[in-house]
Amino acid sequence: MNFDASEYIERSLKSIREILKPEDSDKVLAACSGGVDSTVSAVLVAKALGKPIKAVFIDDGLRRKGEPESVVKLLRGQGLDAFIYDAKKEVLEALKGKTDPEEKRKAFRDAFYTVLGKIIKEMNAGYLVQGTIAADIVETVGGVKTQHNVLEQLGIDTSRYGFKVIEPIKDLYKPQVREVARKLGIPKEISERKAFPGPGLAIRIVGEVTWEKLEILREATRIVEEETKDIESFQNFAVLLDMKATGVRNGKRVYGYILAVRVVSSEDAMTAKFVEIPYDRLRRISQRITSEVPEITRVLYDITDKPPATIEYE
Ligand code: XMP
């Protein structure tokens, strides 16, 4: 079936206006990650109200290098009143000691929404706009994994966090969201931006999340993204495993982390195939990572499709 982005936008503006009036603009906060889903959602609400709305980027310590600053700049470019909120302490505290993937996801979700609830209370607002899409709901409700942003569909009453949720694109899949973004005139940098999970690097660290591991993974992620940016993919990233391996550096034994590199192609994230990267490129990635990130002694390339694997590791 053909998707008509213009018609979708019109319908969406109408249904937002049924809930919110222009005078409500300061009652609304959009949670924005800089990804296409949350940006489209925030832009739709601002457009429906005919006024800029506040957009928060939660700096939870789980983002990539330089991400908070660059995202806020992008959001301001979209006419949103964007700001960074530092929640590193709260989020890392919530993840401390947790090793089970689902427990980590739920702890992240709870810390994330508690922080958002706090900001909304400080703002004296009552509505949270977020970019939940259909795939998030299907996978969470279907029991594949708990996506951080699926609340009401699981029967979680958001009044416990102190706000009502507005999800303008919850019936769309990624390719349709990108079409809507293009139609809204959102720049390519956002409309074509690769998906990055809500819980960020927390689900790319197998086992307990610590600041040391986050810093190691941030460096490795930067290298993997740089070295694969010309290779067509749906997502390209690094995962820090929870085991160590022996290596040798300058004739001396070292014992360091094992990193997995994952590059997949996909249409809608529901299925995915690993990308056949040339060996010389893989060798360069491995050499750069082990020399620029000395805590890592071994680099693996993940050759598993989805299914049976998922795209992320947790
Ligand atoms: P999986 O790992 O389930 O991922 O194959 C499918 C797609 O969803 C992204 N992902 C998430 N996105 N919150 C998000 O916003 C989450 O909790 C979450 N978990 C996975 C993943 O990056 C991939 O694009």
Side-chain angles (χ1 to χ4, degrees), residues 30-42 56-58 60 62-64 67 71 91 94-95 98 100-113 116 128-154 156 165 167-170 172-178 190 192-206 209 217 221 224-225 228 232-239 260-275 302-314:
C32 288
S33 64
V36 63
D37 306 342
S38 57
T39 310
V40 163
S41 303
V56 65
F57 178 95
I58 304 279
D60 48 21
L62 309 173
R63 306 299 121 187
R64 289 165 289 188
E67 204 158 11
V71 166
V91 172
L95 289 169
K98 306 245 173 1
D100 175 75
E102 281 293 289
E103 237 185 80
K104 282 168 67 180
R105 284 175 166 274
K106 287 173 186 160
F108 170 79
R109 180 180 67 193
D110 204 40
F112 186 78
Y113 286 102
L116 281 171
L128 176 76
V129 178
Q130 62 171 8
T132 315
I133 63 169
D136 303 341
I137 298 169
V138 170
E139 299 226 325
T140 302
V141 177
V144 177
K145 55 178 74 167
T146 306
Q147 301 256 3
H148 79 288
N149 52 359
V150 178
L151 300 170
E152 288 177 340
Q153 295 84 356
L154 282 182
I156 296 174
V165 168
E167 296 171 320
I169 53 168
K170 64 170 186 278
L172 298 187
Y173 283 87
K174 205 67 151 195
Q176 302 167 326
V177 182
R178 295 200 199 280
I190 301 173
E192 312 311 313
R193 194 175 162 102
K194 287 180 182 160
F196 186 72
L201 300 179
I203 58 169
R204 294 180 177 173
I205 290 174
V206 178
V209 175
L217 184 56
T221 300
V224 170
E225 288 188 350
T228 55
E232 211 178 300
S233 71
F234 182 76
Q235 274 169 295
N236 50 338
F237 58 92
V239 179
V261 175
R262 184 132 173 88
V263 184
V264 296
S265 60
S266 174
E267 280 296 318
D268 55 10
M270 300 297 287
T271 61
K273 291 218 168 308
F274 77 85
V275 174
D302 188 337
I303 52 167
T304 330
D305 293 339
K306 172 183 181 175
T310 55
I311 295 176
E312 306 290 345
Y313 269 48
E314 294 209 318

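Whatever order the structure lists them in is the order used to number ligands and atoms, beginning at 1. Everything quoted here is computed from the prediction, not taken from an experiment.
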Identify the protein heavy atom lying closest to [atom], giving its residue, its atom name and the separation to 0.1 Å.
atom: atom 16 (C) of ligand 1; value: Q147 OE1, 2.8 Å
atom: atom 4 (O) of ligand 1; value: I311 CB, 4.0 Å
atom: atom 21 (C) of ligand 1; value: E312 OE2, 3.4 Å
atom: atom 15 (O) of ligand 1; value: G198 N, 3.1 Å
atom: atom 3 (O) of ligand 1; value: E139 OE1, 2.9 Å

Pairing of [X] and [Y] as salt bridge, 4.0 angstrom limit:
X: E225; Y: K194; answer: no
X: D305; Y: K273; answer: yes
X: K170; Y: D136; answer: no
X: R193; Y: E67; answer: yes

Subset of ligand 1 atoms that lie under 4.0 Å from at least one heavy atom of [X]:
X: Q235; value: 21 (C), 22 (O), 23 (C), 24 (O)
X: A269; value: 6 (C), 7 (C)
X: K306; value: 1 (P), 3 (O), 5 (O), 6 (C)
X: A195; value: 24 (O)

Q. Does even one non-hydrogen atom of R105 get within less than 4.0 Å of ligand 1?
A. yes
Taking [Y]'s backbone N and O only, do any of them form a donor-acceptor pair with [X]'s side chain (distance below 3.5 Å, no angle check)?
X: E312; Y: P197; answer: no
X: T146; Y: K106; answer: no
X: S266; Y: T271; answer: yes

